[in-house]
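To start, the structure under review is shown below, and the notes come after it.
Every chain is numbered from 1, with letters handed out A, B, ... down the list of sequences. If you're wondering where the values come from, they're calculated on a predicted model, not measured in any experiment.
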2 protein chains.
Amino acid sequence: MDIRVLLADDHQVLLDGFVSIFESIEDVKVVGAVKNGQEVLDFLEENQADVLLLDINMPVLNGVETCKKVTRKYPDVKVIALSMYDQQSYLKRMVQHGASGYLLKDDSAEEIEKAIRAVTQGERYVSSQLQDRLTSIDFLARKNKTVFTVSKREKEVLELLSQGFTDQEIGEKLFISFHTVKTHRKHLLSKFNAKNSAELIKKALEKGHL
Amino acid sequence: MDIRVLLADDHQVLLDGFVSIFESIEDVKVVGAVKNGQEVLDFLEENQADVLLLDINMPVLNGVETCKKVTRKYPDVKVIALSMYDQQSYLKRMVQHGASGYLLKDDSAEEIEKAIRAVTQGERYVSSQLQDRLTSIDFLARKNKTVFTVSKREKEVLELLSQGFTDQEIGEKLFISFHTVKTHRKHLLSKFNAKNSAELIKKALEKGHL
DNA sequence: ATCACAATACCCCTTTCGGGGGATCTCAAA
DNA sequence: TTTGAGATCCCCCGAAAGGGGTATTGTGAT
């Protein structure tokens, strides 16, 4: 039985690229190529897949959310996260949400094939480029609470901060006291481990919270 | 004579993808696939190419700089910029620096082929997704002075700012007075039209200056 | 039912920012 | 050769940010 792969990435070139790559692999069939998380769910409604190669950065429904929904609804579908960035934060979040693998777009076709075979066997696969970090991540995941959540309100504050508004102005926009905004910002700073708002915005953008 | 294409993108998957795509096109030959701007220059030192498919976001030497250097040194090489983002700021900068084409990674293989053929004919090609914006860009490019430069020193300050350092700390790192840092930051704020450092970092990241 | 956490608001205090100037000096381009 | 831009330094001043607390709600998970 062939391995049925569903591709999800918002970039057409990448989809085309993957299709071409998989054409040369005997027992791997690309059964679908979609452009966002919503389409993943729509596709799985009516079709079957063994592996989902899922880009993290997508519009409409992002990778993390899609991964969560897919693994909950279709536990048999193995999800391999695909990211441009070798950031532990992503890896952690995806693994937490049920991903079986994590690859970088920088990885070779061979590595991707290996990953697909591994996850269909029920194994986990992480890009060799990240292997060395894995131990520390596992360790951190258990001991430390590095995977933090950003609440709805904090997200709003973050967004307005990135647009250059002051606490005062944000307070007015959200109909809350500027003290509260200060508190939210304070929490954000400590969650992202940023020394000030400039670094906060950078890290938030990097980690995909903006 | 075949069209010799040099690929430059830091993501292996994309390179593989392009190679696969071009394999099915008779008269297009991929003569090289490199991972950063420096490698582009190194490659062109010893080899020839007709078209350079150049990703804008690359480490070591970014797309804009690479484009500038390549078009200056090898005027016969047609550069097609490749970006994930449909931001006019990028388009403008690349065109200013001699790019002959601009594609989105979201574009289809067909569109890419079309673009390659167009630029080898000496034409210009812009992703159809951006066609409608072109007029306004041309207009802006003439009337307004939207394209500003960020000096070397300002870039350094920007980088350190994004890492959460204060003017004082940046001054120490760069062996200059914090007054000077303040001045640089002030200039950056006005250039990027940002109300504060948070917005500055966001805009700098968006426009690819970080 | 308890516990954790999000969301709200307030206090104090110090440091940093941000906006407005002005002033050299150098180097390259017009 | 003049002009402009980059880089450097300095002033003032008020507004914000940042760090440390405390505290009250409400809600959702265990």
Between [atom2] of [N] and [atom1] of [X], the distance in whole Å:
| X | N | atom1 | atom2 | result |
| --- | --- | --- | --- | --- |
| B/Leu200 | C/dG19 | CG | C1' | 15 Å |
| A/Asn193 | D/dG19 | CG | P | 11 Å |
| B/Asn196 | D/dG18 | CG | P | 9 Å |
| B/Lys191 | C/dG19 | NZ | C1' | 18 Å |

Categorize [X] for me: base, sugar-phosphate, or nothing, with a 4.0 angstrom heavy-atom threshold over every strand shown.
| X | answer |
| --- | --- |
| A/Thr180 | base |
| B/Lys152 | sugar-phosphate |
| A/Ser197 | sugar-phosphate |
| A/Lys195 | sugar-phosphate |

Within less than 4.0 Å of OP1 or OP2 of D/dT8, is there a side-chain N or O belonging to B/His184?
yes
If the threshold is 4.0 Å, N to carboxylate O, is there a salt bridge linking [X] and [Y]?
| X | Y | answer |
| --- | --- | --- |
| B/Lys35 | B/Glu39 | no |
| B/Glu156 | B/Arg153 | yes |
| A/Arg185 | A/Glu154 | no |

Face-on cation placement of B/Lys173 at B/Phe165 ring, 6.0 Å and 45° thresholds:
yes
